[in-house]
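Treat the numbers as computed from the prediction; the structure is a model and nothing was measured.
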Amino acid sequence: MREKFNKKQIEEMLNNSVDEIVEDSCDILDEFGNIHNINEVIKQAETDVKKKYTKVNFRWSEIEIARAKKIAKELGMPYQTYIKSLLKQGMDKDEKRLKQM
């Protein structure tokens, strides 16, 4: 049976996974020592949180898109999800750094 998480738990896992390294298995370790599959967490977060999404367009070289697709495929996730996760991690890190200034 699939484990259910509430919105707060999902947000805490995503916030606490910023510094975690996602390995080939796509598993992350939360602050309680539990192992979760990042793909399942992302799918559930998108379903359970039901955020309203805004489309974002930006220009990027074909080489960078190809790199993102290759890495995402090796991690076993869609490339757009991979790019979004990297952007979120970068923003979280910058927000944390700016708060310390």
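Residue I63 qualifies as open at atom CD1: its count of foreign heavy atoms under 6.0 Å is 12 or below. At most 12 heavy atoms of other shown residues, nucleotides or ligands fall within 6.0 angstrom of atom NZ in K73.
Pairing each heavy atom of L75 with each of N39, the nearest pair is O-ND2, 4.1 Å. The shortest heavy-atom contact between Y82 and A72 is CB-CB, 3.7 Å.
Under the rule for a side-chain contact (heavy atoms from CB on, under 4.5 Å), the partners of E64 that lie at least two apart in sequence or sit in another chain are W60, S61, R67.
Rounded to the nearest 0.5 angstrom, E62 CD and K69 NZ are separated by 9.5 Å. The distance from the NZ atom of K70 to the CD1 atom of I65 is 15.5 Å, given to the nearest 0.5 Å. Atom CG of L98 and atom CE of M101 lie 6.0 Å apart (nearest 0.5 Å). Distance check: D94 CG to K99 NZ gives 12.0 Å after rounding to the nearest 0.5 Å.
Taking 4.0 Å as the cut-off between side-chain N and carboxylate O, K88 and D92 count as a salt-bridged pair.
Residues V56 and M91 do not share a hydrophobic cluster, clusters being chains of Ile/Leu/Val/Met/Phe/Trp/Tyr side chains in contact below 4.5 Å.
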